[in-house]
> 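Here it is: the structure, laid out below.
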2 protein chains.
Amino acid sequence: MSGRREEETATPLDQAARAAWLYYVGGATQDQIAAEMGISRQRAQRLVAKAVAEGLIHVRLEHRVSRCMELERALTRKYGLKRARVALSLGKGADPVKAIAPVAAEELERIFATPEPLVVALGTGRTLRAMVEEMRAIDCPQHRIASLNGNMAPDGTASAFDVIMRVADKVRARHYPMPLPLVAATPEERDLFISLPPVVRARALAENADVAFVGVGEMGGEPPLLKDGFLTAEEIGELRAQGAVGEITGWAYDDSGTYLQTGANARIAGVRLERVAEKLIVAIAAGAKKRAAIKAALKGGLVNGLITDEITAEALLS
Amino acid sequence: MSGRREEETATPLDQAARAAWLYYVGGATQDQIAAEMGISRQRAQRLVAKAVAEGLIHVRLEHRVSRCMELERALTRKYGLKRARVALSLGKGADPVKAIAPVAAEELERIFATPEPLVVALGTGRTLRAMVEEMRAIDCPQHRIASLNGNMAPDGTASAFDVIMRVADKVRARHYPMPLPLVAATPEERDLFISLPPVVRARALAENADVAFVGVGEMGGEPPLLKDGFLTAEEIGELRAQGAVGEITGWAYDDSGTYLQTGANARIAGVRLERVAEKLIVAIAAGAKKRAAIKAALKGGLVNGLITDEITAEALLS
DNA sequence: TTAGGTTGCGAATAATTGCTCATATGCGGC
DNA sequence: GCCGCATATGAGCAATTATTCGCAACCTAA
């Protein structure tokens, strides 16, 4: 068959989806796709590329590599974790977020598959955002999704890394965003913000969440808090001088995994996670830059779960 | 980095998984994979091919094409279905099972994601088997999985199309296989088989299942019942003469979707599904050969759900 | 209306991938 | 120890895919 016309309602994405389906599921060549869809060969190639670029195509590896499982066991033992997942690394040069995002998505899907209603709290950041993009859509109306920190960027717009909305969209669960900046201008402003009734309720839910998935921010190099304009270079320098090596939901902590009492921490509006035995707090982070931050969080018991990659896992164990 | 050695515990599948991960998730070329893993380029290519052949790599299309949704709505309306899914076709020449298996897997995963404990009954056959291979592993211990028919081939061995074990494996739910042939030698033997206590229990569970996923067998051409040696050509001819156009879990039915009272049906040991309003009975079938069988099952209300492909859906609507 | 810019297309070409074949590398049987 | 047999390997080549480039259509603003 050739020249089957797409119907009037076919959007560009529909076409891309069809081409990618024929390519990846059907195993057709681009020439065959072109013939099937009545388009040129290069258009078929462009449609397939578009489908991948738009995130229409999800690839999962359904095989646990023994090397990763060993590392998971070792991490669990060394740091007393409740859960550890180690993703295959993509090589030294590659962005480790690409490797851990699908694995984190898998773990979060596993959490949502739990029949008992849960409150799942989510942080923000590039890594979590990448995780969300890898998640499959599935209805889990029994759960509730809480935000751990505000989704407002310093300029007042909703942050581009909005995680909670996208997750809620995919699993169709109730969600409780926090209309807050990540960092307030002054400690007083912070106190004012978190005394607002809707914020009080949202924070209460997040504080009592059964499961939390958070990213880990580093203090060395170009910290996310600086890159995204939440703090200035001087403020970061000050935190560093006070011993900060990492940050979770904006809260800076030192080498031993103890939250700092001073500096910018007095202005963080988000929830500070405290480890409680029955809670699962999973850090999702990998990469050489984040190593010190992850290690401190594990040592101080700020988290009791970790999703990382091979290279980082090896470093954390040495 | 080049020449990172796989550790002593790396199986061939582990290597294949790593290569495929670098290829599909990391977007590396086979040359880069070869360098990273310290192997030759063609070995990298073979590993990637092996990972795909072994089913380690799962590809999903996360986009609902409007054309398919239209067809789903139309099928739902015309046949009064509770659920309809239409997969993009892979073109006239391709095996439609390849197209519907991933979509069926997605729907079954959706069923298993339900928080309330369910009894899920499964049929057998090539289509269901292909569906299982596409399923993701996820723990759903709240559900139970029942078999609708025996998994024994005519020669007494366990059938190669054993669906229930594989599903139970993937979702870690309790399962209740049926140690029975699909077709007994005589009606008396059938009655004897189904009076055995363990079989009585397994059948009772399957009959009261909340959800059933079944394949549809055709009577024209080379019917699965004949191909797999459950019935002889003469027996099939007899069924055909009695008006049989299709078969579900072995039970033959006619043009109007009414189960035959005679012939081989008296020797079928599996459960005959009766539509009950609160049950969801989903047929998973596509292809020109199965068209008459699917249409009759829909018309007669033997099923109230359907997963098929575009071409078949169009034919069922014309 | 026209200049400037943007987008989409096909052709050409470079890069990558898959296949075939000849050869090598064990491995069980004698 | 030696002989088939089966399996795995790398080289070379054919097929397929990705990218670049130039052109044309279309849109926008003067």
Side-chain angles (χ1 to χ4, degrees), chain A residues 1-59 61 63 65 88 90-91 93-95 98, chain B residues 1-61 63 65 88 90-95 98:
Chain A
M1 157 175 51
S2 81
R4 165 211 285 269
R5 262 195 324 287
E6 276 294 312
E7 281 61 18
E8 64 291 340
T9 49
T11 66
L13 275 190
D14 277 1
Q15 280 212 292
R18 185 181 294 274
W21 176 260
L22 291 167
Y23 190 69
Y24 286 107
V25 179
T29 69
Q30 296 177 353
D31 272 321
Q32 293 170 312
I33 296 168
E36 171 74 21
M37 296 179 66
I39 57 179
S40 73
R41 218 261 312 153
Q42 32 270 71
R43 187 147 165 64
Q45 130 72 11
R46 282 177 181 125
L47 285 173
V48 173
K50 177 174 189 167
V52 174
E54 297 281 344
L56 269 40
I57 291 293
H58 284 201
V59 180
L61 178 62
H63 176 83
V65 171
L88 281 165
L90 294 174
D95 180 2
K98 269 173 87 174
Chain B
M1 159 175 51
S2 80
R4 164 211 284 269
R5 261 195 324 287
E6 276 295 311
E7 280 60 18
E8 64 291 342
T9 49
T11 66
L13 275 191
D14 276 2
Q15 280 212 292
R18 185 179 294 274
W21 176 260
L22 291 168
Y23 190 69
Y24 287 107
V25 179
T29 69
Q30 296 177 354
D31 273 319
Q32 293 170 312
I33 296 169
E36 170 76 21
M37 295 179 66
I39 57 180
S40 71
R41 212 267 301 161
Q42 31 270 70
R43 187 148 166 64
Q45 128 75 10
R46 282 178 180 122
L47 286 173
V48 173
K50 177 173 188 170
V52 174
E54 297 280 345
L56 269 39
I57 290 292
H58 284 202
V59 180
R60 286 276 173 92
L61 178 63
H63 176 82
V65 171
L88 281 165
L90 294 174
K92 277 244 174 66
D95 180 2
K98 269 173 88 175

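The sequence lines fix the lettering, A, B, ..., with proteins before strands; numbering per chain opens at 1.
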> CZ/B:R41 to CD1/B:I33 distance, rounded to the nearest 0.5 angstrom?
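So the gap between those two atoms works out to 10.5 Å.
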> For B:K50 and C:dG18, what is the distance between atoms NZ and P respectively, to the nearest whole Å?
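So the two atoms are 16 Å apart, to the nearest Å.
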> Between A:Y23 and D:dT16, does any side-chain N or O lie under 4.0 Å from OP1 or OP2?
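Answer is no, no contact under 4.0 Å.
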> Taking it one step at a time, do B:V59 and A:W21 satisfy side chain to side chain contact (heavy atoms under 4.5 Å, CB included)?
CA-CA 9 Å; B:V59 180; A:W21 176 260; over 6 Å; no
> Using a heavy-atom cut-off of 4.0 Å across all strands, would you classify A:Q42 as base, sugar-phosphate, or nothing?
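The residue A:Q42 makes base contact.
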> Please state how far atom CZ in A:R43 lies from atom C1' in C:dG10, giving the value in whole angstrom units.
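The answer, rounded to whole Å, is 12 Å.
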> Can you tell me how far NE2 of B:H63 sits from CG of A:L13, rounded to the nearest 0.5 angstrom?
5.0 Å
> Stem finding on DNA chain C, please: runs of three or more consecutive Watson-Crick or G-U wobble pairs, both distances under 3.5 Å, sorted by first number.
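So far as stems of 3 or more pairs are concerned, DNA chain C shows C:1-30 with D:1-30.
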> Expressed as a whole number of angstroms, how long is the span from B:D31:CG to D:dA18:C1'?
15 Å
> May I ask you to verify if any side-chain N or O of A:S40 is less than 4.0 angstrom from the OP1 or OP2 atom of C:dG10?
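Result: yes.
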> Please answer whether the main-chain N or O of A:G26 pairs with a side-chain N or O of B:K98 as donor and acceptor at a distance below 3.5 Å.
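Checking the backbone N and O of A:G26 against the side chain of B:K98, a donor-acceptor pair under 3.5 Å is found.
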> Rounded to the nearest angstrom, tell me the gap between atom CD in B:Q45 and atom C1' in D:dT16.
12 Å
> Quick check for you: to the nearest 0.5 Å, what is the distance between B:Q42 atom CD and B:L47 atom CG?
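Output value for this atom pair is 11.5 Å.
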> Reckon A:R41 touches a base, only the sugar-phosphate, or nothing at all at heavy-atom distances under 4.0 Å?
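Since a base atom lies under 4.0 Å of A:R41, the category is base.
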> Rounding to an integer number of Å, can you tell me how far B:I33 CD1 sits from C:dA15 C1'?
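That distance rounds to 15 Å.
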> Rounded to whole angstroms, how far apart are CD1 on B:I39 and P on D:dA11?
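Answer to the nearest Å: 14 Å.
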> Between D:dT17 atom P and A:L47 atom CG, what is the distance in whole Å?
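Atom CG in A:L47 sits about 14 Å away from atom P in D:dT17.
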> Kindly indicate whether the side chain of A:L90, heavy atoms from C-beta on, has any atom under 4.5 Å from the side chain of B:L22.
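Touching, per the 4.5 Å side-chain cut-off.
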> For A:Q30, report the nucleic acid contact type (base, sugar-phosphate, nothing); a contact means any heavy atom under 4.0 Å.
sugar-phosphate
> How many whole angstroms separate atom CD of B:Q32 from atom P of C:dT17?
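That distance rounds to 8 Å.
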> Ignoring hydrogens and geometry, is there a side-chain-to-backbone donor-acceptor pair from A:E54 to A:A51 under 3.5 Å?
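No, because the side chain of A:E54 does not come within donor-acceptor range (under 3.5 Å) of the backbone of A:A51.
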> D:dG10 base to B:R46 side chain: any donor-acceptor pair below 3.5 Å?
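When only heavy-atom distances are counted, B:R46 does reach the base of D:dG10 through a donor-acceptor pair under 3.5 Å.
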